[in-house]
Amino acid sequence: MAQKEDCIFCKIANGEIPTDMVMETEELAVFKDASPKKPVHVLIVPKDHYSSLNDDIPEELLGKMMKLIPEVAKKTGVHDSGYRTIINTGDDANQSVKHLHIHICGGAKFTDF
Ligand code: DGP
């Protein structure tokens with residue numbers, strides 16, 4: 001699996017478009033969401049292109065994405081106060097960018113579900 005042409009998250013995650021990068025590993029990029037819904041709102045994005053969770057993602061990569069969540073929470077200051085992780089998949093979930101990503105949101109109390 002590699003990058004997909006004309007995918008904005010492929011370009012951001014691989015440094016072709018500058019962004020507010022929070023942290024990076026060999027396979028993952030973490031950057032700030034351009035339309036933050038909470039004081040802290042960052043995205044964990046694989047550097048390889050997968051369009052969604054439905055895209056037969058290697059277990060190892062999924063594990064690395066999950067393991068990175070608390071590290072990102074520490075780095076962004078929401079580890080102890082709490083945070084929400086969201087993966088939107090497909091149209092009914094309003095997935096707007098068709099490149100797999102995990103939202104990490106925090107810094108204010110959630111009042112919905
Ligand atoms: P989703 O609805 O789960 O596909 O969320 C996509 C998120 O990506 C949305 O919260 C806004 C954010 N986003 C869209 N385009 C850009 C961009 O060009 N840069 C950054 N940093 N975030 C973006």
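Note that ligands are numbered from 1 as they come in the structure, with each ligand's atoms numbered from 1 the same way. What you see is a predicted model, and the numbers here were worked out from it, not measured in a lab.
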(request) Quick one: list whatever passes ring pair (Phe, Tyr, Trp, His ring centres under 6.0 Å) with Y83, sequence neighbours left out. (result) none

(request) Would you please write out the protein residues whose heavy atoms approach any atom of ligand 1 to under 4.0 angstrom, listed by chain and number? (result) I8, F9, I12, F31, K32, D33, A34, K37, L43, N88, N94, Q95, S96, V97, H101, H103

(request) Only pairs at least two apart or in different chains count here, so list each salt bridge (charged side-chain N to carboxylate O under 4.0 Å, His left out) that has a residue in residues 65-81. (result) none

(request) Considering only NZ, NE, NH1 and NH2 on the basic side and carboxylate oxygens on the acidic side, decide whether R84 and D112 come within less than 4.0 Å. (result) yes

(request) Mind telling me whether H41 and H103 have parallel, tilted or perpendicular rings, with 30° and 60° as the class edges? (result) tilted

(message) Apply the hydrophobic cluster definition, ILVMFWY joined by side-chain contacts under 4.5 Å directly or through others, and give me every member besides F110.
(response) none

(message) What I want to find out is whether E24 reaches K47 closely enough, with some N-O distance under 4.0 Å, to be called a salt bridge.
(response) yes

